Each structure stands twice: as structure tokens, then as C-alpha cells.
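In what follows, every heavy atom counts, from backbone to side chain, and hydrogens, waters and symmetry copies are set aside. Chain letters run A, B, ... following the sequence lines, proteins first and then strands; every chain starts at 1. Computed from a predicted structure; not experimentally measured.
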Amino acid sequence: MTVLDHDLAAAWTPDAHGPRRDPAPLLPDREPVRVLGTPALRRTVDSPGGRELLRDLHRRLVVGRRFNQQATTLTKQGRLAVYPASTGQEACQIAVAGALRPGDWLFPSYRDTLAVVSRGVDPLETLTLLRGNAHCGYDPYQHQVAPLSTPLATQAPHAVGLAHAARMRGDSTVALALVGDGGTSEGDFHEALNFAGVLNAPVVFLVQNNGYAISVPLAKQSAAPTLAHKAVGYGIQGRLVDGNDAVAVHTVLSEAVQHARSGEGPVLVEAVTYRLEAHTNADDAGRYRSAEEVADWQARDPLTLMERHLREAGVIGDAEVAAATDEAEQLADRMRTLFHVKPDLDPMSLFEHVYAEPTPQLREQAAQLAAELAAEAATEDQR
Amino acid sequence: MTVLDHDLAAAWTPDAHGPRRDPAPLLPDREPVRVLGTPALRRTVDSPGGRELLRDLHRRLVVGRRFNQQATTLTKQGRLAVYPASTGQEACQIAVAGALRPGDWLFPSYRDTLAVVSRGVDPLETLTLLRGNAHCGYDPYQHQVAPLSTPLATQAPHAVGLAHAARMRGDSTVALALVGDGGTSEGDFHEALNFAGVLNAPVVFLVQNNGYAISVPLAKQSAAPTLAHKAVGYGIQGRLVDGNDAVAVHTVLSEAVQHARSGEGPVLVEAVTYRLEAHTNADDAGRYRSAEEVADWQARDPLTLMERHLREAGVIGDAEVAAATDEAEQLADRMRTLFHVKPDLDPMSLFEHVYAEPTPQLREQAAQLAAELAAEAATEDQR
Amino acid sequence: MTTATPSRTRAAGATTLASALNRALRDSLREDPSVHILGEDVGTLGGVFRITDGLAAEFGADRCLDTPLAEAGILGTAVGMAMYGLRPVVEMQFDAFAYPAFEQLVSHVARMRNRTAGRMPLPITVRIPYGGGIGGVEHHSDSSEAYYAHTPGLHVVTPATVADGYGLLRAAIASDDPVVFLEPKRLYWSKEDWSAEAPAPVEPIGRAVVRRRGTSATLITYGPSLPVCLEAAEAAKAEGWDLAVVDLRSLAPFDDETVAAAVRATGRAVVVHESSGFAGVGAEIAARVSERCFHHLAAPVLRVTGFDIPYPPPMLEQHHLPGVDRILDAVGRLQWEQ
Amino acid sequence: MTTATPSRTRAAGATTLASALNRALRDSLREDPSVHILGEDVGTLGGVFRITDGLAAEFGADRCLDTPLAEAGILGTAVGMAMYGLRPVVEMQFDAFAYPAFEQLVSHVARMRNRTAGRMPLPITVRIPYGGGIGGVEHHSDSSEAYYAHTPGLHVVTPATVADGYGLLRAAIASDDPVVFLEPKRLYWSKEDWSAEAPAPVEPIGRAVVRRRGTSATLITYGPSLPVCLEAAEAAKAEGWDLAVVDLRSLAPFDDETVAAAVRATGRAVVVHESSGFAGVGAEIAARVSERCFHHLAAPVLRVTGFDIPYPPPMLEQHHLPGVDRILDAVGRLQWEQ
Ligand SMILES: Cc1ncc(C[n+]2csc(CCOP(=O)(O)OP(=O)(O)O)c2C)c(N)n1
Ligand SMILES: Cc1ncc(C[n+]2csc(CCOP(=O)(O)OP(=O)(O)O)c2C)c(N)n1
Ligand SMILES: [Mg+2]
Ligand SMILES: [Mg+2]
């Protein structure tokens, strides 16, 4: 070979346009990480604080399931306009709260009401969107929870921007964005992960791969080896976890959050799970999936799984289960009470928060509505 | 471990939601594929038709460089409104034409005028967009070339749709979409690759990674190991090639097109190259890159490289170089002649192709313009 | 997320808008092999509103394709399909979820024919369920017609009746131009005596229709507001007003002839639509009616529209939507005492 | 791609709109540490129009950030930054390249304050160079203001003078509401005697200004069409017309007071803008002026706008853009003989 070739060889590495990352450490786990039913569970039990952690996860799972059930019941009673249940995905939903610190931010998607409630937001405030009385009933700054995002994946870039801003400020905040398997197809998902990689923002993306986007199965959504493999294209770390194993999700998410917090970069976590209920109460899941498939996954219910393994490991017994069930019933009671009170509705509020100050146009329109309401009230008084 | 665990282990492979691909075959070449200066060149020379292929590639490179030069000169003379030169990227530009068959489709980006001309489109018709007399001056159906796309990456989904349509029709058409390194950040790029993977559409994406998106260097564009690594996230094959090695680009692109044509799926090819000129004539590249860097890449000029290696290999000599130069000068001559004729401009054409039939509103507006033009003409006649 | 799909109880002879649309799609697929439907959940599920119900089963998954969840990708793919000679019909799941496809629509779908001097037309139909009144959560009730009507190169149509649902959708799919087909989702389950056996011939796009003759004033409206206007016209009788009602059906192109004639006949006009008023389609209607009928007008053209606010949560939407009272109030302000 | 950046020859005391905008950004960055600029090529290059020239050097790459090439990502990232208390200023490179960010703008930026009952305001400024007349190739000359003006929750402003460039941009950045700041790119290099030493105080958004008093008729315009209208008003003198010219500056909110007063004073009005007329901002202006000034109008409000066609290639753009003659023609049609 000539000297020229040698020179070129140096130039023609993948680094020709600057330093690039080695792909090897970015590739996800070969198999989804599991703890329940593996030797890792024993290690967790024996670790300092391990038993408490496991009991806490179990308790949250029990309460989480009850939350989903009660919200579903309220919907059947007409108290919620629509409810997209996370039944079957509770391991992911509750792990979120445990993996984040108070200052961290959560960016939920429309199905993630349980994650929001697990983070501490009041159930009534969380559910206003689905009840129909207000878009976002909670103060995002109280528990650092962004509004539930209905347009899919659009909140992922918000998480990146917030994490980036926090990092510039010198804060140790981590942002966690929740996306569905369907949501990963959206351009915003791509742009968010790319920005995260380039900015090295302290952000974690959790994809709850429940196998369906409404009726569309994963095979029609993506041909990727796993969704976690998408990480490599952004130079960020991919992780794959059993999304029905609450301990595994907790562990992997905690590691990811720690990775992001320490400045090592963003992480994309794929949790393989299943939604046991229909897409929403309005959906007819029988149109697109078989009863056998649902039964298969019911046999892998995250709650049953957890309870069985923790009992087996001697971490919980009847007392813990009873205590958790009690707490769950208290929540359900509270929800029933809360939702039996008619919501406070002020039509004039429609104009209040469009801008910091209503524009002259909105003042005119508000006056029109006020006059209409007054006229209506007068008519009713006359009766 | 219990039976339950065993059952679960089966469920918890990455295949839990259906068959997924093995990532290994999707990962790109570890180093960009090179032919020039490697033993592969000799093999090419000795293969049937090898010499002809190499001479043809060389000839096209010479002509392509001249095209860029002449278009740049025409721009300085005010004959083009703006010109984004592909100088330095000619190896990629001309390889495109060679890799495609007549029935195949090309989806170029705004910088790819040389690729369009190499495919057979008339230079005058190709350049109307940049001259300013018409948006797309050529008939896309004549040579199966979509209009040059100005909004970046937006033509990538078009390529997927066309390839998918052709496949449904049973045609053996392949679509090739050209995107820049910057363009890979757009949501449309992601959505196109994802659709391609899911539909298994016969489409090839060629990313000409020239290190910059206007002033933004690759390191601020992507943290990926290589852009070709993005393929794995879509379950499609990634390839990495030395974009200044015309033979390598030709080889890899031809393989990719064949891969797509045979139904094996889409391919993402990253060609590492460099734009030797500024972004366009209006750009000041000195603001964002050093003279040394440009000089480094000038030393790796695809044309010099090709000529040197082919001479060394005894494939071309002075005669071939002279013949190629002649052809190049003929093209340049023709361009000068073509562009010295004033373009035909009919203001009334503005209304002709907005819809199949002008709407009543457009007919009114056309009448207004016609009246104005008549009045102007009358005024000029009076003088 | 999906909103409730009200149960379809079938009265004898009565057909819903939803099933007329389904029938139009089926007939189009049957008659023209180049017609292909694509979108989120349009295949196996039949769409969240069931407008594509049964079509994948009858015509195969390729003709009625479940796509990945990415609206720009869906419309961009449709562009490529149209380039190859197909006639794609795209379903956007809800109004606000068409926004990710905005660039494809405005920069390509609307302009490709013009860009290529007529050589590369894109006969794409983009179906968008739009509007409120269905108790939908945020992003499920937008009226986005003004964005599309303002974009040269697009036709924008919206049916308000079952028969028009069929006829306009057939016309949209048959059109060699891209058509944004806006489906008033709260009328999906409204019924009419319409025979699926002998559907009306496909009318060309661009003609408004007078739904009710009247002498006092003219209501100009379209889509989901038509039934409200007709109700208002009935109620107006009690006030002594005989109101004409014009249903535009096509926002672009606009039927100046029918509209101007209907306004000249009464000398007074109110434009009614759900979408926010500011720079809405109603502004265009009011402006061109004022321009063309100036000397016939006894009063300014008034508008009754949604407020200039983001669409409200379900429990407050009735205050936002133009209702009968608000329309009658506007009619009352048409300077009758002069 | 980028269009030519004309050379900036500096007359003594004369300042260009471009440098006034640059100065407004610099002053904002200096005075408020929460102000952050982000966009394509805004850092090292200083933007393709050099509006951010020197800012990365002076304030660091974090305060003036070169982003990846993805407009939805840019605006979405800005949303997150604003949620954390920053005041992002986003640059979209050209009008048509803001379309990929349409969903973020309409579904989030415009609605977050309302969605959260005022708890999560998004003080984001989205700078968009817009309009034609610069010989730009396709997608580089769109006038997209109607899309934004129709969207509740956004303020939409556009300067037509150097002083307003500075004042309005400062006001936009200072505003606690999201502002779409439309920069008429063909005025970037227009010069005025404006002192960068003592810039005018920042005015609140929402006030129009009468640029020329007149008695015969009122031209209502904004942004790139202001100089054309002023020129038309000069030319109109020869026809015996004394035209008033109103510069809206803010499309939303709209200054009804100033506009209505200016129209009532003359009884005749022509609205002028570059964007396509159909369902454009001019329709809103004409509709509301007709509504509010009905009995003062001697003629219908006319509109002179771009045609309802995709923006033409550079060599034909002069036929599309409203020019002095077309404006005077419209003034001539204001029924003077009555
Ligand atoms: C941009 C956008 N497009 C379409 C929809 C309508 N939609 C709501 S939920 C859904 C499926 C979401 O699937 P996935 O992301 O897997 O989340 P999952 O429902 O499984 O939790 C769709 C298509 C939407 N909300 N946003
Ligand atoms: C959607 C969109 N955003 C922004 C632009 C403006 N623009 C034109 S070229 C360019 C850089 C493109 O970089 P790259 O994709 O690497 O292609 P290259 O110019 O290097 O060929 C930009 C930002 C555009 N054309 N389209
Ligand atoms: Mg899912
Ligand atoms: Mg590049």
C-alpha cells in the first residue's frame, strides 16, 4: 500500500467528523432484566433496606391496582368521561415514583395517571382531564409532574429541555419521560432522544411496551430487535427490563436515573409489559386480540407475581398483604367520596388563563358570556 | 426455581410481543468500506466489466466536478439565484445513478442536483429551482426523479410510500432517498425509516455525512457511534462507506439496492464525505471551520483520489482523462449556452397548476392579473 | 385517546353519517383498485370511529393499512403512494393529531402539482374527524378548518348530512386534487333516511346548498353547525324571523354565487361555526360577503363562533359552542329597527 | 437552503432592522440571565441572517445554542426550558421550516398556561423570518401569520420599522405569554436613523400605530407591506387621494380602537398583506372593520393580498406581491363617484 492509503486509512475511521462513541456499551441487555424468580431477589432481600424496599413496592402495587379498579368503576358509573387503565402495567407505574427524588420531574403520558398519583399528586386533581372538568387539575410545580400529555411523545422533548435547563443551572434534577410503544414511532420521540444525546441531558425515557397502540400490535409498529435498541442511534444507553417485575423495573430505572444524574448521559429503558384492560372503556379489545393472549398475560400479572415471590422469599406474609389491602381500600373510599361531589365549574374561567391578561377581544367575549349567563339565571329565577 | 419462573423465562425474551430481529446483522461495518487503495480495487479491475465500470465512474466524477464548477460560476455571474455545491461529494452524487436501474426512483435533497443530472435529467431543467424561474423544471416521470426537496428529510417518507406502492403492484422498483447528516435529526427521517422497516419496503436511504449542517458540526447533530447505527433501531441494515471513494460508494449502494430489490428489506447507508465549498454561495464557511480542516479534506478529494488510484492500477491513462475532460467541457459549454438564454416566463402560469381546474376564486384572480398585465403593456406601447 | 363510540341503534331505513362514509369508502375501494386507505387503527379495528369497519377484511390489509403511529409518516407515505399512481385515503385519528402532519400537508401535498407544473398531481384524501360536542378530552375537539382553508392547493370540504357524507367523500376520492375531508364527529351517529342502495351521484366539489329558504336573514354555516342553525331557524319563527340557512359543504373552493345570492335575498347575514372566530373561516365569509353584497346589506355581517380560547374541557364545552340562543341573539342584533 | 445575506453598508447614524433585532437580543441576554436563545446555526454562525451575530461569543454557547436540525425538537426543548423557569427565544430558520414545529406550537406552547389554570406559563418567543421579496427559492418566502393568528393562546407581532424591531422584540421576550415574532425578512437590511444608544422604552404588545394621517381612505397593513403602503400613499397624491396608513404591529391581540378610529375617519378602507388572501389575516381585519364601522363605510372594505397560490419562484414573485399599482387600483374601486 502507498503512503496515501495509510493517510486515508487514518481519516476513514468512523471518527472522520469528530469523536464518536463506541456502540458496545449502548446496546441493551440481551434479555429483559428480571429479579423475581432469580437469585437477584435473594440478594435484594439480604441487602440493607432490601426488605423494606420490597414491601414498599408490594404495597404500592396493591394500592395501584386498586386505583385502576376504582377509576374503572367510576367510569362505568359515569363519573369519569373516559379512563385508559394501566391495569397490568402497575409495576412500571409505581416504580417511577420510587426511582425519582423529590426535585426530579416526571413527564407522563395520558395513560400514566397511576404514576402521577404514586408521585404524590391528589387522585382527584390527577383525574380532572379524564373526568372532564379541567384539563390539568394539579399544580405541576407541587410535585414536579408535567401535565398528562395527550398528543403522544410530544412531552419527550419537554423532558429534555427541562433536564438541560436544570443542568445548566447546576441542579441535580433528573427528568423522566414516559412513552408507549406506539409513541416511539412519532418524530418527537426521535428528536427528543437525539437532543438528549447531543446535550447529554440528565433525562431517562421509559417506554412501556405493552404490545399495542390501541389495536396496532408491536410487529406493525416497529421492526427493531427491541425498542431499547433505538438508543444506540442516539448515542445513549439502552436498557431492557421485564415490565411486570416491579423489583426489576425499580432496579433498572433507579440505575438509569443514577446514570443520568451523575452526568453519564441519558438512558432509554424499555419495559416489556401488557395492558390487561381494553385501550379505554370505549375500546373493544376483542376486535384485535384473543382471549388466550390476555389469559397468558393475566397469568403473569405483576401483582400476583410479586406477592407469590415475596411470600416465597419470606418478605411478606398475611399481615403485610392485609395492611396493603387496607391502604388500597382507604384510597378507593377516598376516591368514591371525592368523585361523588360535583365538580366546581365556573364558565367564566374559560377566559382567565388564555393569557397572563385577557386581551381586549377576550374581555369582549367574556362580557358576552357573562351576559348570557345572567340572562339564563334571570330566566330561571322567573320560573 | 419454580415452574412459574420457567414459564416466565420463556415469556420474557425480547420476543414477548412477537418475533423480533436479531440485531447483529443490522449493525454497520466497523470501518467505512473502502476500495481505492485496498486489495479490493485489484479484484474489481480483474472482474468481468470491472475496467469499464471504473472508467465510467472516473468519467462521471470528472464531468460531475465540472458541473459543480460551472454552476458555481453561473451563480457568480448571477445566472443562478443560489447554488449549494456538492463539490467534494461527487463520489456519492454520481454513484447514485450507477446503482439505480431505469425504473427505480431517486428522491434527492436540495444539494443533489448533480445526482439528478447524473440520472439523466437535463441540467437546465434540474437547475430551475436554483435559477429561480420554476420550482421543479423537469418531469419527475421522465427519469423517475422526484423534485429536489428543500424541506429537509421530508422526501424520505415519499420514497417509502413509492417503494411500498411499487411492491404492492408487483414491480421490482427500488426507491433511493438522499438525506444529509443534518437531515437525520428531523422527525420525518425517523418516521420514514420506521415505516420502511415495518413495511419492509424496497427503499435505500443514503446519508451523505459531510460533517456539517450549514455551520453545525456533526458532534452537535448526533451522539451516535455512526449515523449508520441508527438503522438497528428500525430493524433495517446499516452500512458505512467512505463517501470519497467512488468505487466503494458504488459497490455499497449497489449491494444495498440489490438487498432492497430482492425483498430482504431497506438499507441505511452512511457515506462519510465533506463539502469542500461553503454551504451555498451566500454562506461564509470561514465562520465555522478552519482552512486546515478544508485543506485536509482537499487532500482527500474524491476526484484526485480516483484518478491517482486508477492510474496506479493501470485502468486509466492520459487518454481516458482527456476524454473525460472533453466530455466535461462539453457539458460546461452546454450549460453556459443554455443559461445565457433568458428563461421563458409566463406570469399567468401562476394560476394554471394550483389545482386540476382553477377554482372560481383563482379565475377571478387570474383575470385581475391579466388586466394588470394588459394595462402595463398598453402603457409601454404608448411610450 | 379514544372517545366513546356511541352504540349504533338502527331505525328502519335510517342511516348514520358514519355508515354512509363507510359505504363511500367501500364503494371507492371496490370501483377503483388504486384506492388505498391508511392510518392508525384503520385495519383490524376499523378505526376508533369505525368508519373503516370491515374494509380490511373485505379488501385485504394492503388496501386498508394499519400504520405505525406517526402522522407525518402516514401522510408522507401517502404522498409517495400517490406519486406511483395510487389514490390514498388517509385517516387522521383526531383533529389535533393531524398537526404533526402539517408540514407534509402544507409543504408537499398542497404544492406538488403546482411545483411540477401539473405533472405530479397528488390525488390524496385526508379524512379528519373534527369539532367538539362529544365530551372529548383535550386535543380531541379542535376545529382546524381555517388552517387548511388558508392553504392554497388544498380543497377543504365538510359534510353536514348523511347524503353529503357519501357524495362528498366519493367526490373527494375521485378528485385529482388533494382534499382535506373534515368529518363533523358529533354528527357521526346522526341519522337520516338515506338509501345505501341507490346513493346519489357524486357531485363535484365546490357547491354550497340552501338548506332552508327564508326572507328575514341568512345563516351561513357548515359541518357540525348546520343542525344548530336549522334548529335556530325553527326557533326564530317565534320571534317573527324567517331565516334562510346555507350549508357551504365546500370551504375551498368557495361557492360565492350561492352565498351571495342567498345574502342578497335577505339583506342580512350571520356566519356560524364552532372554530375560534379570530382569523377563522367565518372571517373570510364575512369579508367576502360584505365585499360582494355591500349595497344589499341592511346590517353588518355578524359572526357566531367559538370563543378565541383553547377548546374547553368537556364539562364546559356547551358554553363555548355556538348554540341556538347565541345565534338568535346575533340575529337580534341585525339592526331590525332601522 | 440559505438565501443571500446582503452586505450591510452602514450609513452614518443609520441602523438596519437586523442590527436592531440583534441589539434587542443582546440587551435581553444581558439584563435577564433566564433568557436563552436556541435554534439552527444561531451560535457560531450567528444565524443565516446574522440576527444572533456575536451572541454566542459574548454570552457563551449555552445562552445561544446551536441545536440539531429538528424544529419540533427545538421548540419542544424550549418548552421544557420554560417549564424550568427560563425564557427561551427560539429561531426558526425560515417561515416554511417552522411547520414541523406546528404541533408543539399549537398543542403545547399556545395552551400550556390555559391547561394548567395559569400555573405553568410558557414565556417563549418564537422568531420566524417570514415573507417574500428576497428572491428566495421555494419554502423560503411563506407568509404564515394567519396560522398563528388563528391560534388562541399565542400573541403574534411583526415589526415594520427598525425602532419597532427593537421595541417589539424586547416586549416579546419580556412577555409572560408565548409570542410568535414574525420578522419581515425583506426589511432586514432596511435602514433608519435609530440610535442604538438610547433605545425606545419597551412598549406593551397590542397597539397599532397610524404611520400616516389621511382623509380619503385608510390602508391597514403590517410588516413587509408597510413600506409598500406608504409608497402607495405618496403615489396616491397624484390621483388626489390623501391616504391614511395604519401599521398593526400586533395581529393578536388586535388593536380595534386604533383601527376603527382610523377607518371611521375616512369611511373607506383597504387591507394590504402579502400572504394569500383566502382566510388570511386580512379577512379578519375586513370582517371586524365592517362589523364595527358599518355605518361609517362608504364602500366595502377591500383587500389587496397575495394570490391564493403557492408562493411563486423568484422570477415571478413580483406578480404575486401586492405592489403600489394594485393598491391604488383597489383604492380606485372604493366607489368614489357615489
Ligand atoms: C399524536 C397523536 N396521535 C394519535 C393519538 C391517538 N391515540 C391515543 S392513544 C393511542 C395509542 C397509543 O399507543 P402507545 O403509545 O403504545 O400507548 P398505550 O396506549 O399502549 O399506553 C393513539 C393512537 C394521540 N393521542 N396523539
Ligand atoms: C425542515 C428544514 N429546516 C431547515 C432548513 C434550512 N436548511 C437548509 S440546508 C440546512 C442544512 C442541511 O444540512 P445537511 O442535512 O447536513 O445537508 P448538507 O447541507 O450538508 O448537504 C438547513 C438547516 C430546511 N431546508 N428544512
Ligand atoms: Mg402501547
Ligand atoms: Mg451535511
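Looking at B:Glu372, only its side chain comes within 4.5 Å of chain D, counting heavy atoms on both sides. Neither the backbone nor the side chain of D:Glu317 comes within less than 4.5 Å of any heavy atom of chain B. B:Glu376 does not touch chain D: none of its heavy atoms, backbone or side chain, sits under 4.5 Å away. Only the side chain of B:Leu362 comes within contact range of chain D, judged by heavy atoms closer than 4.5 Å. At a 4.5 Å heavy-atom cutoff, the contact between B:Asp346 and chain D is made by backbone atoms alone. With a threshold of 4.5 angstrom between heavy atoms, B:Arg131 approaches chain D through its backbone and through its side chain. For chain D, the nearby part of B:Ala134 is the backbone; its heavy atoms alone come within less than 4.5 Å. Heavy-atom distances place no part of B:Ser222 under 4.5 Å from chain D, backbone and side chain included.
A salt bridge is defined here as a Lys NZ or Arg NE, NH1 or NH2 lying under 4.0 Å from an Asp or Glu carboxylate O, and D:Arg186 with D:Glu274 meets this definition.
Side-chain contact annotation: B:Tyr288 with D:Asp41, donor-acceptor N/O pair under 3.5 Å absent.
Across D:Ala98 and D:Tyr148, no two heavy atoms sit closer than the pair CB-OH, 3.7 Å.
A cation-pi contact, defined as under 6.0 Å to the ring centre and within 45° of the axis, links D:Arg268 to D:Trp336. A cation-pi contact, defined as under 6.0 Å to the ring centre and within 45° of the axis, links B:Arg289 to B:Tyr212.
Taking the six-membered ring for Trp and the full ring otherwise, D:His140 and D:Tyr311 have centroids separated by 6.0 Å or more. Ring to ring, D:His139 and D:Phe94 are not that close: their centroids are 6.0 angstrom or more apart.
Between chain D and the options B:Gln221, B:Gln365, B:Gln368, heavy-atom pairs under 4.5 Å are most frequent for B:Gln365. Ranked by heavy-atom pairs under 4.5 Å with chain D, the first of B:Gly132, B:Ala375, B:Pro343, B:Ser185 is B:Gly132. The most heavy-atom pairs under 4.5 Å with chain B, out of D:Leu316, D:Leu65, D:Thr44, come from D:Leu316.
By the 30° and 60° cut-offs, the orientation of the rings of B:Phe351 relative to D:Phe307 is perpendicular.
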